[in-house]
Amino acid sequence: MADHLSPSSPSSPTAVHLAGYTKTDQSEILGDGADPFGVADAGLTWLPKEDHFGIRLDGRLVAHAGLLRLPLSIGGAETEVVGVGGVAVAPDLRGKGLARLVVTAALDHARTMGPRHALLFCRPPLVPLYRRLGWHPLEGDIQVEQPGGLTVMPLRTMWTPLHADADWPAGAVRLLSLPM
């Protein structure tokens with residue numbers, strides 16, 4: 001397969017801050033499947049993201065990452081994180097570095113938002129991808145709010161520092177909101 005994305009695409013696509021992100025935009029990237037992120041069986045209610053980053057090729061939205069500031073407790077101490085979610089790359093363009101580009105653009109913005117860490121939840125097969133992007137798995141159960149009360153997050157929880165000196169503190173982690 002060629003290194004470029006298509007004959008009419010620039011060889012270096014760029015991620016941009018999107019004005020918004022709709023279900024139609026998501027369908028443009030992932031199609032209209034009932035469970036585009038493969039997490040419906042987790043039975044969770046998710047928060048919408050507030051900031052959105054995307055990559056367009058030939059006018060088509062092909063990648064997305066969203067951000068949201070969230071309250072969290074680590075070892076009983078309340079703080080905030082930037083939640084990263086809705087990371088999506090068009091199936092026909094995976095493996096070409098688009099996830100890295102769009103997540104990097106989102107994290108560059110997240111560094112301006114105040115919190116010292118970013119957090120995401122992912123399916124276990126995606127852990128190696130996020131490790132390559134500089135994320136670290138959190139061990140232990142992570143509690144998250146849901147409409148029926150607290151529940152343990154069934155997906156893998158990963159974090160990354162937003163500042164050079166931002167190590168993850170020790171202690172039990174509880175998201176004080178719905179997950180992103």
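By convention here, the first residue in the shown sequence is residue 1. Source: prediction; values computed, not measured.
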Task: salt bridge (Lys or Arg N to Asp or Glu O under 4.0 Å) against Arg100, all qualifying residues, sequence neighbours excluded - done: none
Open item on the list: Are Phe121 and Leu175 packed together at the side-chain level, in the sense that at least one heavy-atom pair is separated by less than 4.5 angstrom?
Closed with: yes
TODO: Please examine the side chains of Cys122 and Val127, heavy atoms only from C-beta on, and report whether any two atoms are closer than 4.5 Å.
DONE: yes
Open item on the list: For Gln146 and Leu150: C-alpha separation, side-chain torsions, deciding distance, then whether side-chain contact (heavy atoms from CB on, under 4.5 Å) applies.
Closed with: CA-CA 6 Å; Gln146 285 294 285; Leu150 278 180; over 6 Å; no
Open item on the list: Applying a strict under-4.5 Å side-chain criterion to I, L, V, M, F, W and Y, I'd like to know whether Val81 and Leu47 cluster together.
Closed with: yes
Open item on the list: I need the full list of salt bridge (Lys or Arg N to Asp or Glu O under 4.0 Å) pairs touching residues 62-88, with sequence neighbours left out, sorted by first then second residue.
Closed with: Arg69-Glu80
Open item on the list: Quick one, Val103 and Val87 - any side-chain contact, counting heavy atoms below 4.5 Å?
Closed with: yes
Task: Heavy-atom pair with the smallest gap, counting every atom of Leu68 and Met180 - done: CD2-CB, 4.2 Å
Task: Separation of Ser73 OG from Leu176 CG (nearest 0.5 Å) - done: 5.5 Å
Task: same_hphob_cluster(Leu119, Leu133) at 4.5 Å side-chain heavy-atom cutoff - done: no
Open item on the list: Do Ile142 and Trp46 sit in one hydrophobic cluster, given that two such residues count as connected whenever their side-chain heavy atoms are within less than 4.5 Å of each other, even indirectly?
Closed with: yes
- [ ] Of all the heavy-atom pairs spanning Ala170 and Ile74, show the shortest one and how long it is.
- [x] O-CG2, 3.7 Å
Task: Pairwise distance OG1(Thr24) to CG(Leu61) - rounded to 0.5 angstrom - done: 11.0 Å
Task: Minimal non-hydrogen separation, Leu67 against Ala106, with atom names - done: CD1-O, 3.2 Å
Task: Pro137 side chain near Arg131 side chain, heavy-atom distance below 4.5 Å - done: yes
Task: Heavy-atom pair of closest approach, residues Asp25 and Gly20 - done: OD2-O, 4.0 Å
Open item on the list: Using 0.5 Å steps for rounding, measure from the CG atom of Leu70 to the CD atom of Glu145.
Closed with: 11.5 Å
Open item on the list: More than 12 heavy atoms of other residues, nucleotides or ligands under 6.0 Å from CZ of Arg94: yes or no?
Closed with: yes
Open item on the list: So Arg116 and Leu162, do their side chains get closer than 4.5 Å, heavy atoms only?
Closed with: no
TODO: Kindly say whether Leu101 contributes a backbone atom to a donor-acceptor pair with the side chain of Thr104 at under 3.5 angstrom?
DONE: no
Open item on the list: I'd like to check Phe53 versus Val16 (side-chain heavy atoms, cut-off strictly below 4.5 Å). Are they in contact?
Closed with: no
Open item on the list: Same cluster or not: Met153 versus Leu72, using hydrophobic residues (I, L, V, M, F, W, Y) connected whenever any side-chain heavy atoms lie under 4.5 Å apart?
Closed with: yes
TODO: Could you check Leu44 against Val39 for side-chain contact (heavy atoms from CB on, under 4.5 Å), going step by step and ending with a plain yes or no?
DONE: CA-CA 8 Å; Leu44 298 172; Val39 296; over 6 Å; no
- [ ] Report yes if the distance between the aromatic ring centroids of His64 and His52 is under 6.0 Å, otherwise no.
- [x] yes
TODO: To the nearest 0.5 angstrom, please state how far the CG atom of Leu107 sits from the CE atom of Met113.
DONE: 11.0 Å
Open item on the list: Rounded at 0.5 Å granularity, tell me how far CZ in Arg56 sits from CG in Leu18.
Closed with: 6.5 Å
Open item on the list: Using the rule that Ile, Leu, Val, Met, Phe, Trp and Tyr join whenever any side-chain heavy atoms are under 4.5 Å apart, tell me whether Leu155 and Tyr130 fall into a single cluster.
Closed with: no
- [ ] Step by step, work out the side-chain contact (heavy atoms from CB on, under 4.5 Å) result for Val89 and Val62.
- [x] CA-CA 6 Å; Val89 173; Val62 297; over 6 Å; no
Open item on the list: If you take the centroid of each ring, where Trp contributes its six-membered ring, are His117 and Trp168 closer together than 6.0 Å?
Closed with: yes
Task: Check: Pro147 and Leu178 side chains under 4.5 Å, non-hydrogen atoms - done: yes
- [ ] Specify the closest pair of heavy atoms between His163 and Gly114, including all atoms of both residues, with the distance to one decimal.
- [x] NE2-O, 4.2 Å
Task: Candidate pair Arg174 and Asp141, rule salt bridge (charged side-chain N to carboxylate O under 4.0 Å, His left out), full reasoning - done: CA-CA 9 Å; Arg174 178 179 170 194; Asp141 290 340; over 6 Å; no
Task: Pairwise distance OG1(Thr160) to CH2(Trp135) - rounded to 0.5 angstrom - done: 5.5 Å
Open item on the list: Any heavy-atom pair between the side chains of Leu98 and Pro13 that's under 4.5 Å?
Closed with: yes
Task: side-chain contact (heavy atoms from CB on, under 4.5 Å) evaluation trace for Glu28 with Arg60 - done: CA-CA 7 Å; Glu28 186 174 3; Arg60 174 184 165 211; 3.8 Å; yes
- [ ] Mind listing the closest non-hydrogen atom pair of Gln26 and Phe37 along with its distance?
- [x] OE1-CE1, 3.6 Å
